[in-house]
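Proteins come first, then strands; the chains are lettered A, B, ... in the order of their sequence lines, and each starts at number 1.
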Protein chains: 2
Amino acid sequence: MGRNTILNQKIKDERRGRILSVALGLFATKGLTATKITDIASALGISQGLVYHYFRSKEEIFVELIRYAFERMNEACRYLESLDLPPLEKIRMAITELLKGIEKNEDTPLYHLLIALATASDAIPAQAKDLIKNENMLSYDVITRIIIKGQKEGAIKKHDPKDMALVFWTTIKGLAIHKAAHGRKYKTPDPEILMDIFI
Amino acid sequence: MGRNTILNQKIKDERRGRILSVALGLFATKGLTATKITDIASALGISQGLVYHYFRSKEEIFVELIRYAFERMNEACRYLESLDLPPLEKIRMAITELLKGIEKNEDTPLYHLLIALATASDAIPAQAKDLIKNENMLSYDVITRIIIKGQKEGAIKKHDPKDMALVFWTTIKGLAIHKAAHGRKYKTPDPEILMDIFI
DNA sequence: GTCTATATCCAGATAGAC
DNA sequence: GTCTATCTGGATATAGAC
């Protein structure tokens, strides 16, 4: 493989990245079916046919986004669990970082929204369904384990830890959806409100 | 208008109701665009063309559902506010009833989901957008007012009441989405977990 | 009121020129 | 790599028979 091949691959990856980026915004706000290849192409100022030079189908773009969203999310969860911190501080850190991500980084709420919509939707590719089935649990499990540890140390309230993890994530996802829906008008709530669930 | 006309109208309304009912389930799980008129018709065992005898278009069905969802939701909110109860008990009642509705009644989470998806989506009819703009605020305002009253009486924690109302509703909607997504596997969390946000 | 048939349109995907 | 042109399928909505 000569250097031209490598260079071309790099350029191609970069273009793919740009397509993925606008597709994320469109899928998250319009949904998979309502998003037309034309929408993606015209948002990038390229022809509709060219998109198929980079992806085999609209579904492939969607699946790639779902895969990447879980990759980032699960990576962050594993990192959180590995930290040398008291459980309650881990919870506080997770809430703070997630809320910050929802507020600041434009992509974070979109990824949450994409996962939430995809999880709730029947109208998604089978591959995406599989990804959700396999990858969705880790984030719940990590938070559950942290809560159990905190409860053993007496630092976290003693409700059912699975219930608490469920409320944790549904609240975060609910906020992400709200932010994606209301954009500029969204004001991040005080993280301590969420902390009150745990202490 | 003779009695036949009235009777026929009644029958027609009943048929419309059945169409709306299955459309709710489909829109909530597949989205507006991914739901085909064929899906609705075949779920009812009627021909595709017959749907157009009862509704002018797919969008009309959608708008009617959104309108009805807000009607029910806002009605319930106004009722809650009118009750002669201490603010904290109103919050507790709201949480309990909403969680019960999510768990038991099959339609409740679907309506929440429909509103949540529609709120987040760009790909919905203009009429639905207007409805959301006009009707969506009431539920937030009612909860905010109840919280403020409770704070004055010293019965509710003194975070920013708007933040608290936002967390309240995003959590409920998040749970509704989760239930709609996971169906049978969904287990309602202990309402007291949510109460901890307020006391 | 209900069906079948069909006009019409739109979007996904491909082919081929440059 | 990028475009234009086109094939093809599928879905909305309508027309018209029963």
Next item on the list: Can you figure out which of D/dG1, D/dC3, C/dT2 approaches the side chain of A/Arg15 most closely?
Entry: D/dG1

Margin query: Between A/Glu81 and A/Arg78, does any side-chain N to carboxylate O distance fall below 4.0 Å?
Written below: no

Notebook entry, point to check: How many Å lie between CZ on A/Phe62 and C1' on C/dG12, as a whole number?
Noted result: 17 Å

Next item on the list: Map B/Lys12 and B/Gly49 onto DNA chain C by nearest heavy atom, then report which one ends up closer to the 5' terminus.
Entry: B/Lys12

Next item on the list: Starting from P on C/dC3, measure out to CD1 on B/Ile37 and report it in whole angstrom.
Entry: 15 Å

Check: Hey, is B/Glu97 close enough to B/Lys100 for a salt bridge, meaning N to O under 4.0 Å?
Finding: yes

Checklist line | Length of the line joining A/Arg16:CZ and D/dG1:C1', which is rounded to integer Å | finding: 15 Å

Check: Under 4.0 Å between a Lys/Arg side-chain N and an Asp/Glu carboxylate O for A/Glu192 and A/Arg92?
Finding: yes

Next item on the list: Measure from the side chain of A/Leu50, starting at C-beta and using heavy atoms only, and say which of C/dC3, D/dG1, C/dG1 lies closest.
Entry: D/dG1

Item checked: Presence of B/Lys36 side-chain N/O under 4.0 Å of D/dA11 phosphate oxygens OP1/OP2 -> no

Next item on the list: Please state how far atom OH in A/Tyr54 lies from atom C1' in C/dA13, giving the value in whole angstrom units.
Entry: 17 Å

Next item on the list: Could you tell me whether A/Phe55 contacts a base, only the sugar-phosphate backbone, or nothing, with contacts defined as non-hydrogen atoms closer than 4.0 Å?
Entry: nothing

Item checked: Length of the CD-P vector between A/Glu14 and D/dG1, whole Å -> 12 Å

Next item on the list: Looking only at non-hydrogen atoms, find the nearest pair between B/Thr144 and B/Ala165 and report the distance.
Entry: OG1-CB, 3.3 Å

Next item on the list: Before accepting this row, confirm whether a basic side-chain N of the pair B/Arg18/B/Glu14 lies closer than 4.0 Å to the acidic partner's carboxylate O.
Entry: yes

Next item on the list: Kindly say if B/Arg56 contacts the phosphate of D/dT14, meaning a side-chain N or O under 4.0 Å from OP1 or OP2.
Entry: no

Check: Once you round it to whole Å, what is the distance between C1' of D/dA11 and CD of B/Glu59?
Finding: 14 Å

Item checked: Proximity to the side chain of A/Ser57 - top-ranked nucleotide from D/dT12, C/dA13, C/dT2 -> C/dA13

Notebook entry, point to check: Nearest to the side chain of A/Gln48 - C/dG1, C/dG12, D/dG1?
Noted result: C/dG12

Item checked: Length of the CG-P vector between A/Leu44 and D/dG1, whole Å -> 16 Å

Next item on the list: Among the candidates C/dA13, D/dT12, D/dG1, find the nucleotide nearest to the side-chain atoms of B/Lys58.
Entry: D/dT12

Checklist line | Contact under 4.0 Å: A/Tyr52 side-chain N or O vs C/dA15 OP1/OP2 | finding: no

Margin query: Applying a 4.0 Å non-hydrogen cut-off, can you work out what B/Thr33 is touching in the nucleic acid: base, sugar-phosphate, or nothing?
Written below: nothing

Next item on the list: Please state how far atom NE2 in A/His53 lies from atom P in D/dC3, giving the value in whole angstrom units.
Entry: 11 Å

